[in-house]
Structure formats: C-alpha cells, structure tokens
Visitor: 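A single structure is presented below for examination.
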Amino acid sequence: MPWGAVNLEWKRKVDGFGRRLVAALLPPRCLLCGGAGWQGRDLCAGCHADLPRNNCCCARCALPLEHAAAQCGACLQREPAFASAWAPFRYAHPLDLLEARFKFRRDLAAGRVLADLLIDAARLQLCGLLPERLLCVPLHADRLRERGFNQALELARPLARALAIPLDAHSLVRTRHTRAQTGLDARARRQNLRKAFEFRAGEAPPRHVALLDDVMTTGSTLRECARVLRQAGVERVDVWALARAPARR
C-alpha cells in the first residue's frame with residue numbers, strides 16, 4: 001500500500017512539472033498578431049479588446065442595431081419561431097479571421113479560443129433559467145465528410161460542459177443537402193431550407209432547448225430549425241450563436 005501512495009504522489013508531481021515545462025517552452029501566442037498570449041490563451045489582451053461585441057442588438061434575433069430594441073423590423077414583419085437569440089459578438093474583424101481559420105482551415109487552436117470566448121460570454125450574460133438541452137445546427141452527411149467536422153458541434157461540446165447542460169447531438173438531423181445560401185434573397189433562402197431538417201427524438205420532446213450555430217448570418221437556417229423543433233412539440237426554442245452578422249445593405 002505505501003508504494004501505491006508514493007507512486008500516486010510522484011505522478012502528481014511529475015504531471016505538474018510537465019504542465020509547467022510545456023507552458024515554459026511553448027507559451028501561448030496570439031493567433032491574430034503573434035504577440036504574447038493572455039490568460040493562458042492564444043489571444044493577446046489587445047486583440048481580445050478589439051473583438052466586436054454585440055451589445056446593441058435586437059433582443060429577438062440578435063441583429064446588430066444602432067439602438068437596442070425588443071424586436072427589429074424584420075422580426076416585426078415576420079415573427080421567428082424561436083423565442084430569443086443570443087450572440088455575444090458581431091461577425092466582423094478580427095473575430096471573422098479566427099472563425100475562418102477554425103471553419104475552413106481546421107485550426108483547432110482557433111477553435112479552442114472561440115470556445116473559450118463563447119463560454120466566458122455565456123457565464124456573464126446567460127442568466128436565469130437555462131434550457132433542458134443544448135442542440136446544434138447539423139450538417140448533411142455529404143458536407144460533414146467534405147469538411148471533416150461540424151464546427152457548431154465542436155463549440156457546443158465545451159459550452160454544454162461548462163454550463164452543465166445535456167448536449168443532444170443526434171435528434172436534429174439534416175436530411176437534405178441544400179445549395180449554398182450565399183447570394184440568395186430571404187424568400188429563396190427559406191425555400192432552399194424547406195424540409196431540410198427533421199427532429200427524431202425517441203421520447204417526448206423537451207420543453208425548452210437552445211440551438212447553437214457558430215455564425216448567425218441572416219438567421220434563415222436557425223429559423224427553419226426552430227420551426228421544425230416547435231412543430232415536433234418543443235415549447236420554447238432559444239437560438240445561440242458565437243457571432244451575428246450585420247444586416248445587408
């Protein structure tokens with residue numbers, strides 16, 4: 001027995017030394033400017049301060065606005081199926097650089113930074129009743145094979161752990177491979193997404209869920225997913241995103 005105790009203590013000392021050694025030999029560097037990392041992350045204090053916060057927005061769809069409002073013109077004209085939206089950042093420089101590295105270049109270091117930013121914002125801003133489950137916008141199997149991972153799911157996993165919310169990565173599925181939404185107007189986007197998602201819960205649907213995507217551009221995808229969830233019996237759907245794109249001009 002004494003040997004077991006000694007070995008465990010020795011292992012803890014070695015592991016602690018290893019972590020300190022790695023930190024000393026490979027200190028965090030900012031992925032945006034190359035400067036020294038801050039708070040143990042690959043992002044410096046200056047670049048962190050430059051990230052565009054989405055503090056003034058529509059409370060319903062998180063669209064960036066000059067003056068905060070309960071609902072923007074688009075929500076008043078066509079009420080979304082989701083109850084509220086939360087997106088702590090605007091999709092703009094320099095956050096868009098980190099997102100592009102993560103999503104299109106498979107840069108896991110950028111993904112860790114984005115996940116940490118999302119968790120920090122959630123702990124500060126998501127007060128009150130949390131949802132029963134966290135879902136993410138699914139990719140079609142063809143797109144998943146092409147990209148190799150679902151960026152929304154990779155953000156959802158650490159966020160669910162941090163907030164102690166069960167993650168449901170399987171019930172909401174994308175059944176139809178749709179063409180890219182880029183260049184489509186609002187009506188064409190809605191038609192493009194019709195019957196593209198299904199909710200396949202094997203039990204009674206939860207009453208309250210949050211649906212996560214990495215970037216909310218026009219909101220068409222999240223609106224359609226929320227509509228499908230509501231039709232399946234989910235009483236309340238909140239949509240969450242790391243960043244919200246500004247309205248097109």
Side-chain angles (χ1 to χ4, degrees), residues 53-65 68-72 74-91 114-115 117-139 150-174 189-190 193 196-201 203-247:
R53 270 69 178 181
N54 191 23
N55 297 326
C56 190
C57 62
C58 170
R60 190 67 183 270
C61 75
L63 181 71
L65 300 172
Q71 293 193 76
C72 64
C75 289
L76 289 172
Q77 183 177 7
R78 182 172 177 268
E79 186 178 17
F82 52 79
S84 68
W86 172 72
F89 298 97
R90 287 183 289 112
Y91 189 62
L114 294 175
L117 292 172
L118 187 61
I119 290 169
D120 286 350
R123 285 172 170 164
L124 286 173
Q125 300 173 16
L126 291 181
C127 303
L129 184 65
L130 290 175
E132 297 173 32
R133 294 185 201 172
L134 179 62
L135 288 71
C136 64
V137 173
L139 291 180
N150 181 348
Q151 70 281 355
L153 178 57
E154 297 309 314
L155 293 176
R157 283 194 176 108
L159 181 63
R161 287 195 298 267
L163 299 181
I165 302 172
L167 175 63
D168 182 351
H170 305 290
S171 295
L172 184 64
V173 296
R174 193 161 193 153
R189 283 172 177 262
R190 291 195 299 268
L193 292 169
F197 301 97
E198 287 184 8
F199 186 61
R200 298 176 176 175
E203 55 187 25
R207 296 180 59 187
H208 181 195
V209 305
L211 177 65
L212 178 72
D213 205 356
D214 57 333
V215 177
M216 186 175 180
T217 307
T218 65
S220 297
T221 300
L222 286 163
R223 282 174 179 256
E224 178 62 14
C225 288
R227 188 188 67 81
V228 169
L229 291 170
R230 290 294 306 278
Q231 281 191 337
V234 179
E235 294 182 15
R236 177 186 173 111
V237 179
D238 296 326
V239 298
W240 296 352
L242 172 70
R244 180 67 155 102

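Excluded from the calculations below are hydrogen atoms, water molecules and symmetry mates; all remaining heavy atoms, backbone and side chain alike, are included.
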Visitor: Could you tell me whether Arg230 and Glu79 make a salt bridge, using a distance below 4.0 angstrom between a side-chain N and a carboxylate O?
Guide: no
Visitor: Determine whether a donor-acceptor pair (N or O, by modelled atom type, separation under 3.5 Å) exists between the side chain of Asp238 and the backbone of Pro131.
Guide: no
Visitor: Can you name the nearest heavy-atom pair linking Ala162 to Ile119, along with the distance?
Guide: CB-CG2, 3.7 Å
Visitor: Taking the side chain as C-beta and beyond, is there a heavy-atom pair between Leu126 and Trp86 under 4.5 Å?
Guide: yes
Visitor: Should the heavy atoms of other residues, nucleotides or ligands under 6.0 Å from CD of Gln77 be counted, would the total exceed 12?
Guide: no
Visitor: Do Asp213 side-chain atoms and Val239 backbone N/O form a donor-acceptor pair below 3.5 Å?
Guide: no
Visitor: Quick check: do Arg236 and Ser84 have side-chain heavy atoms less than 4.5 Å from each other?
Guide: yes
Visitor: Taking Arg90's backbone N and O only, do any of them form a donor-acceptor pair with Arg53's side chain (distance below 3.5 Å, no angle check)?
Guide: no
Visitor: Could you walk me through whether Arg227 and Val237 pass the side chain to side chain contact (heavy atoms under 4.5 Å, CB included) test, one step at a time?
Guide: CA-CA 9 Å; Arg227 188 188 67 81; Val237 179; over 6 Å; no
Visitor: I'd like to check Cys225 versus Leu172 (side-chain heavy atoms, cut-off strictly below 4.5 Å). Are they in contact?
Guide: yes
Visitor: For the pair Arg244 (side chain) and Cys61 (backbone), establish whether a donor and an acceptor sit closer than 3.5 Å, ignoring hydrogens and angles.
Guide: yes
Visitor: Counting C-beta onward and ignoring hydrogens, is there a side-chain heavy-atom pair between Met216 and Leu63 closer than 4.5 Å?
Guide: no
Visitor: Within a strict 4.5 Å, meaning less than it, do heavy atoms of the Leu167 and Leu153 side chains meet?
Guide: yes
Visitor: Between Asp168 and Val209, is any pair of side-chain heavy atoms under 4.5 Å apart?
Guide: no
Visitor: Locate the shortest heavy-atom distance separating Ala70 from Cys58; write the atom from each residue and the value.
Guide: O-SG, 4.0 Å
Visitor: Just so I know, are the side chains of Gln125 and Pro88 near enough to count as touching, which here means a heavy-atom distance under 4.5 Å?
Guide: yes
Visitor: Does some side-chain heavy atom of Leu114 sit less than 4.5 Å from a side-chain heavy atom of Asp214?
Guide: no
Visitor: The test is side chain to side chain contact (heavy atoms under 4.5 Å, CB included); show your working for Leu134 and Leu163 and say whether it passes.
Guide: CA-CA 10 Å; Leu134 179 62; Leu163 299 181; over 6 Å; no
Visitor: Go through the steps to decide whether Phe89 and Leu117 satisfy the test side chain to side chain contact (heavy atoms under 4.5 Å, CB included), and finish with yes or no.
Guide: CA-CA 9 Å; Phe89 298 97; Leu117 292 172; 4.1 Å; yes
Visitor: Which atom pair, heavy atoms only, marks the closest approach of Cys56 to Ala68?
Guide: SG-N, 3.0 Å
Visitor: Determine whether Trp240 and Leu118 satisfy the following criterion, side chain to side chain contact (heavy atoms under 4.5 Å, CB included), listing intermediate values before the conclusion.
Guide: CA-CA 10 Å; Trp240 296 352; Leu118 187 61; over 6 Å; no
